[in-house]
Number of protein chains: 2
Amino acid sequence: MVTIKDVARVAKVSPSTVSRVISDHKSISESTKERVRLAMQELGYHPNYIARSLIKCSSHALGLILSRSTESAFSNPFFSEILRGIGKVAQKHQYTLALATAENYKDEAKQGLQMVMERRVDGLILLAPRVNDDLIRELSRNNYPFVVVGRVNGMQHHYAVNNDNIQAAYTAVRHLLNLGHRRIAFLNGPSEYTFCQDRYQGYCMALQEFGVAVDPRYVRNLENHHEDDYRMGKELLKQKPRPTAFFLTDDLMAIGVYRAVKEENLRIPQDVAVVGFNDDAFANLLDPPLTTVQIPIYEMGKTAAEMMIAVLHGKEVTPPQKILSSELIIRESCGAKAR
Amino acid sequence: MVTIKDVARVAKVSPSTVSRVISDHKSISESTKERVRLAMQELGYHPNYIARSLIKCSSHALGLILSRSTESAFSNPFFSEILRGIGKVAQKHQYTLALATAENYKDEAKQGLQMVMERRVDGLILLAPRVNDDLIRELSRNNYPFVVVGRVNGMQHHYAVNNDNIQAAYTAVRHLLNLGHRRIAFLNGPSEYTFCQDRYQGYCMALQEFGVAVDPRYVRNLENHHEDDYRMGKELLKQKPRPTAFFLTDDLMAIGVYRAVKEENLRIPQDVAVVGFNDDAFANLLDPPLTTVQIPIYEMGKTAAEMMIAVLHGKEVTPPQKILSSELIIRESCGAKAR
DNA sequence: ATGAAAGCGCTAACAA
DNA sequence: TTGTTAGCGCTTTCAT
C-alpha cells in the first residue's frame, strides 16, 4: 500500500507537506506542490479514507436503511427515486452512502442504531417513520444526527422533509367527490406508518366536507404483496353497494385493481373511477391512463440529504421541517374532468 | 466519545484486555470479561469501526454502483431485489454496503474506482457489465477485488454470477415459434450491455433453428424511458407485415406494449403474443397475465455477495463463474400452451 | 514555507 | 491470564 510517507520520500519532503498538498494548503509553494503531485501520480497514491476518518472523527458517510417492509410499503420506484436524490447530493459533497438492509422493523432499528454508534456513519436518513418509532426515539435520546423523510409523531426537535400527504389525499378524494362519487374505497398501506395515517386523514377530511360518512367497509390497510391489491380490489367490488371509486396509496396497486375491475366486467372510468399516488413512470401507460398524485420524490431525497449534511457541518437549518407540495395529475381513469 | 481506554480505566484493566474482551478472546477469564462488559455497558461504549478498519487494513464494506442507466436498463424491481440479496449476505457477515450513485457510465467508472482506491470499500459488486467495460478493465489491471453480476466479455480471470441469458431467451422465443409465430419482434435494452447481447443471441439461435431469418426491422434497442416501450410497440405494430409476437427484455415494457396493442385494436394473445423477462411481481396481474422468464434475482445477489466476501477472506472460490438457471413461466399472454 | 512530533482509537506482537 | 509497547495512515499543532 502506498502511503503518504512513500510520497514524501520520493518527493523529498516531509509527510506533513504531502498532507498539506492533498488539502491544497495555501502556504505551500507551487513548485513543491508540483513535485509532490508528480510523486503521487508516479506511485499511484490515493489518500486512505479510513485514516482520514479516524483523525477527523467522521466517517463522511450517510446511513440509510432499506427494510423489507419499507420496500414493499413504499414500492420500488419510490425507493430508487429517493435514493437517486440522496445519492446525487451525497456525491456532490463526497459523502458515502451506507445502506443497511433489514428484514423487519426490530432489525431495522438495531441496524440503524448500530451504524451510528459504531461511527460507520455520521448521520442517518430515515425513510418510513412509524407512528411510534423506537429508532427515532433512541436516536434523539442519544443525540445522534438524523433526518426523517416523512412526518414524525409528537416530536418537535428534529429535522424532516415531507410531502403534504394530508392535503394531497384530500385533493385526490375531493376530485372524486366533485365527480359525484360518494362510495369511495381507500386502499391504504400499513397504518403504522405516519404517511398512511396522514393520507387517511386527508381522505376523511374530504368525505366529511361533503357530508359523507367514512365507511370502514371501504377502507383497507394492505400489508404487503401486489396479489393483495388484486384480492382486495375484488373483495371491495363484491360489496353491496359496491364502491364507485378507488383511491390508492400507491400507483402499483392500480395494476391489481385494474385487473379486479375488468374481471368483474366493469369499466374504468365508466363504472369505477381510480386515483393513484406517486405518478410512477408507468402510470401514463395504463389503460386507461391513471389519474394520480405526483410527489417530488427526487427533490425530497435531495432536500433530506442537503439537510443532513448541513446539520453535520454544524450549520443552522431553517426551517427544520420542510414540506414539499404535490400535484394531482388528471388523466383518464376518472372520466371527465371536474368543472 | 467513549473509548477503549475509558472502559479500561473503569474496569481496572489494560486497554488490550478490553480489546480482547470485544473479540471474545479465549484466554480472558470469565470474571474479567464480566467486569469489562459491565463497564462497557455502564459507559455506553461501542467499538469504533473506523479505528478498527485502519488497523485491519479493511473497511469491511462492499461497494455498489447505482447508475442512472443501470437503473433504467435493469428496471427497478430488478435492482431492489438484487440489493436485498446482497444486503442479506452483507448483514450476515457484518459488512457495510456502500452505495455510489452516478449519472452516466463515465461517472460510474470513476466512482467505482475511487471507492476501492481510497479504501472506502474492500471490493466491488458490479451490476451491469458492458461489452467493453472500462471499469472492469481498470479493476483487474490493478488487482482490486470485484465480482460481476452478469457476463464479462473476453476475460478469464474474474468472479461472476449470472443467469443463463442466452438459454433463457432461446427458450422464450422457441416457445413463440412452437406456437406458430414467425414474425417475432424483440424489444431489447441498450446493446452495450452484455446481458442484452446475450438475449439477442438466444433470440437469433431460436429463429435460426426454425429456419426463420432475423429481420432487423423487428428488433429494437431501447435506451430509456417507458414511453419508448409504448412508442416502439406502436411503431412495430404498424409494420407490414406486422409482427405476431413480442419478446421483451423486461416485464415493465409490457405495460407500454399492452397499451400499444390495445390502441391498434388488436387482442393479446389472439392477434399478438407477448413474452416478458424477469417475472416482476405485477406480471401475473396484467391483463392477460404475462408469460415471462423468471430469473433468480435474489439468489444472484446473495451468491455475488457470498463470492465477494469469500474472495476477500482469501478463500478459494470454485467455480469462479456461476450460472443460475431461469424458468419460463407460462401464463396467458401467448394463448394455448405449446405441446 | 516546511518539518518534527504527537496522537486519533484500536489491535497484536512480545513480555511477564 | 494480563500488561506493555509499537504502530495502522493520516492531520495538526508547534517549531523553525
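Scope of the values below: all heavy atoms of this structure, side chains included, with no hydrogens, waters or symmetry mates. Chain letters run A, B, ... following the sequence lines, proteins first, then strands; residues in each count from 1.
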Rounded to the nearest 0.5 Å, how far apart are CZ of B:Arg130 and SG of B:Cys196?
10.0 Å
A:Lys5 side chain to A:Ser14 main-chain N or O, any donor-acceptor pair under 3.5 Å?
no
Distance-only, no hydrogens or angles: does the A:Ser140 side chain make a donor-acceptor pair with backbone N or O of A:Ile136 under 3.5 Å?
yes
Could you tell me whether the phosphate oxygens of D:dG3, OP1 or OP2, come under 4.0 Å of any side-chain nitrogen or oxygen in B:Thr17?
yes
Where do B:Gln91 and A:Asp107 land on the side-chain hydrogen bond (donor to acceptor under 3.5 Å, both in side chains) test, with the steps shown first?
CA-CA 11 Å; B:Gln91 186 189 349; A:Asp107 197 26; 3.0 Å; yes
One would report the end-axis bend of the helix from C:dA1-D:dT16 to C:dA16-D:dT1, five pairs per end and rounded to 10 degrees, as 40°
Would you list the pairs meeting salt bridge (charged side-chain N to carboxylate O under 4.0 Å, His left out) in which at least one residue belongs to residues 134-153 of chain B, sequence neighbours left out?
B:Asp134-B:Arg137, B:Glu138-B:Arg141, B:Arg151-B:Asp198
Below 3.5 Å, can you tabulate the donor-acceptor pairs from side chains in residues 306-324 of chain A to any protein atom, sequence neighbours excluded?
residue: A:Glu306; atom: OE1; partner: A:His93; partner atom: NE2; Å: 3.4
residue: A:Glu306; atom: OE2; partner: A:Lys92; partner atom: NZ; Å: 3.1
residue: A:His313; atom: NE2; partner: A:Tyr95; partner atom: OH; Å: 3.3
residue: A:Gln321; atom: NE2; partner: A:Gln156; partner atom: O; Å: 3.1
residue: A:Gln321; atom: NE2; partner: A:His158; partner atom: O; Å: 2.9

Contact list (N/O, under 3.5 angstrom) for nucleotides 8-11 of chain C vs protein:
residue: C:dC10; atom: OP1; partner: B:Tyr45; partner atom: OH; Å: 2.5
residue: C:dC10; atom: OP1; partner: B:Asn48; partner atom: N; Å: 3.0
residue: C:dC10; atom: OP2; partner: B:Ile4; partner atom: N; Å: 2.4
residue: C:dT11; atom: OP1; partner: B:Arg52; partner atom: NE; Å: 2.9
residue: C:dT11; atom: OP1; partner: B:Arg52; partner atom: NH2; Å: 3.3
residue: C:dT11; atom: OP2; partner: B:Ser19; partner atom: OG; Å: 2.8

Nearest heavy-atom neighbours spanning B:Leu135 and B:Tyr105:
N-OH, 3.1 Å
Length of the NE2-C1' vector between A:His25 and D:dT12, whole Å
9 Å
Validate the cation-pi geometry between B:Arg119 and A:Tyr49: distance from NZ or CZ to the six-membered ring centre under 6.0 Å, angle to the ring axis within 45°.
no
Output the residues of residues 27-35 of chain B in contact with DNA chain D, where contact means a heavy atom of the residue under 4.0 Å from an atom of the strand; sort by number or write none.
B:Ser27, B:Ile28, B:Ser29, B:Thr32
Contacts under 3.5 angstrom, residues 34-46 of chain B side chains, donor-acceptor by atom type, not counting sequence neighbours:
residue: B:Arg35; atom: NH1; partner: B:Ala11; partner atom: O; Å: 2.5
residue: B:Arg37; atom: NH2; partner: B:Asp24; partner atom: OD1; Å: 3.3

Nearest 0.5 Å, what's the CD1-CZ distance between B:Ile50 and A:Arg52?
12.5 Å
